[in-house]
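Working notes for the structure below.
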Amino acid sequence: MRKISFLVCILLLASCASTGPANRTDESLVVFSDPTTLDADGKYKIGPGDVLTISVWGNPDLTSSVPVRPDGYISMPLIGDLLANDIDAATLGVTITTMLESQLRNPQVTVIVSQVNSNVYISRVRVTGAVRTPISIPFAKGMTVLDLILEAGGINEVATPSRTRLYRVVDNELVDVEINLDDILLRGQLATNYQLRPGDVITVPERLF
């Protein structure tokens, strides 16, 4: 019996239009669409609360660290207010460069997201159920199912690893994918040791008594 309800999955992952997870086991479906914090090219999208370091080469007066306001705008000398919400740092740098070209000769602009604050919870991964320590930790690029299970201290004595599931929001639909955790932990078979994405939830059910 699964101890995590679909409603909890939805609240943990993201707001979702579907009424429940679609049960999918086809490995090809694990190439999911990008999470809400990334654009179509997999680049991080800036949001309110983030802090940006903007550098204009040769112009130290224009180099500064600026917060993204709740309305999604930042403020810069010579430019004023500029929308930064929901675009990546490279695109914002191009926009700033274009706006400075009428005032500076050959401006060279670099934008770095120095503090990620807008997607603190969206950008986490979680494991629940029959593990030693259910956890919610920041996502790191390259993280796999096995990495997250090990971070949780492994499975406990009442786990049913063969019934482990991965939940992920795909195109506003909660998708439920089978993980063969027995194969991963006991046999070194890594076919379902999928790479994780921000917002993923892994659930390890307890065995029936």
Side-chain angles (χ1 to χ4, degrees), residues 1-24 29-39 42-51 67-68 70 85-86 113-185 190 192-207:
M1 179 181 295
R2 298 176 188 171
K3 297 192 68 176
I4 183 170
S5 69
F6 294 150
L7 177 59
V8 171
C9 288
I10 295 171
L11 292 174
L12 288 172
L13 289 166
S15 178
C16 176
S18 67
T19 57
N23 186 4
R24 301 183 182 178
L29 294 174
V30 179
V31 184
F32 295 112
S33 60
D34 294 303
T36 57
T37 54
L38 305 180
D39 65 13
K43 299 176 182 177
Y44 176 78
K45 295 187 290 187
I46 297 166
D50 290 343
V51 177
V68 182
N85 185 58
D86 209 34
V113 182
S114 52
Q115 293 183 34
V116 176
N117 300 318
S118 62
N119 294 292
V120 171
Y121 289 101
I122 294 175
S123 299
R124 298 177 78 86
V125 289
R126 302 165 177 88
V127 59
T128 66
V131 291
R132 298 290 178 186
T133 307
I135 55 172
S136 170
I137 62 175
F139 169 79
K141 186 176 181 180
M143 183 180 289
T144 66
V145 169
L146 179 58
D147 292 324
L148 189 54
I149 294 297
L150 293 178
E151 288 283 349
I155 59 176
N156 63 29
E157 60 278 0
V158 297
T160 306
S162 61
R163 296 175 54 236
T164 300
R165 313 297 297 187
L166 168 64
Y167 296 91
R168 181 178 291 174
V169 172
V170 182
D171 299 329
N172 294 322
E173 178 185 11
L174 185 60
V175 174
D176 170 3
V177 177
E178 179 182 347
I179 297 174
N180 296 319
L181 197 54
D182 263 340
D183 286 348
I184 295 172
L185 295 176
L190 304 179
T192 60
N193 185 33
Y194 303 124
Q195 289 209 0
L196 301 179
R197 294 291 183 104
D200 283 352
V201 173
I202 293 174
T203 301
V204 183
E206 293 183 358
R207 65 172 176 263

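FYI, the numbering just counts along the sequence from 1.
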Backbone of Phe139 reached by a side-chain donor or acceptor of Ser123 within 3.5 Å: no
Shortest non-hydrogen contact from Asp147 toward Gly142: OD2-O, 3.9 Å
CG on Leu166 to CD1 on Ile202, rounded to 0.5 Å: 6.0 Å
Approximate separation, where rounding is to 0.5 Å, of Thr144 OG1 and Leu150 CG: 8.0 Å
Spacing of CG belonging to Leu146 relative to CD belonging to Glu151, to within rounding of 0.5 Å: 10.5 Å
Distance-minimising heavy-atom pair for Pro48 and Asn85: CD-OD1, 3.1 Å
Straight-line distance of Ile179 CD1 to Ile149 CD1, nearest 0.5 Å: 7.0 Å
Where Val125 and Pro198 come nearest, the two heavy atoms and their spacing: CG1-CA, 4.4 Å
Rounded distance [0.5 Å steps], CG in Asp200 versus CD in Gln195: 11.0 Å
Minimum heavy-atom distance between Pro134 and Gly129, given as atom pair plus value: CG-O, 4.2 Å
Side-chain heavy-atom pair Val204, Leu181 within 4.5 angstrom cut-off: yes
Atom pair CG (Leu148) and CD1 (Ile137), whose distance is rounded to the nearest 0.5 Å: 5.0 Å
Any donor-acceptor pair under 3.5 Å from Asn117 side chain to Asp50 backbone: no
Minimum-distance pair of heavy atoms, taken over all atoms of Arg124 and Arg126: O-NH1, 3.8 Å
Residue of the set Thr192, Leu185, Thr164 for which side-chain contact (heavy atoms from CB on, under 4.5 Å) holds with Asn180: Thr192
Evaluation steps, side chain to side chain contact (heavy atoms under 4.5 Å, CB included), between Leu190 and Ile184: CA-CA 5 Å; Leu190 304 179; Ile184 295 172; 4.1 Å; yes
Verdict with supporting geometry, Lys141 and Met143, side chain to side chain contact (heavy atoms under 4.5 Å, CB included): CA-CA 6 Å; Lys141 186 176 181 180; Met143 183 180 289; over 6 Å; no
Carboxylate-amine/guanidinium contact Glu157 Arg132, below 4.0 Å: yes
Side-chain (Asp176) to main-chain (Tyr167) donor-acceptor, under 3.5 angstrom: no
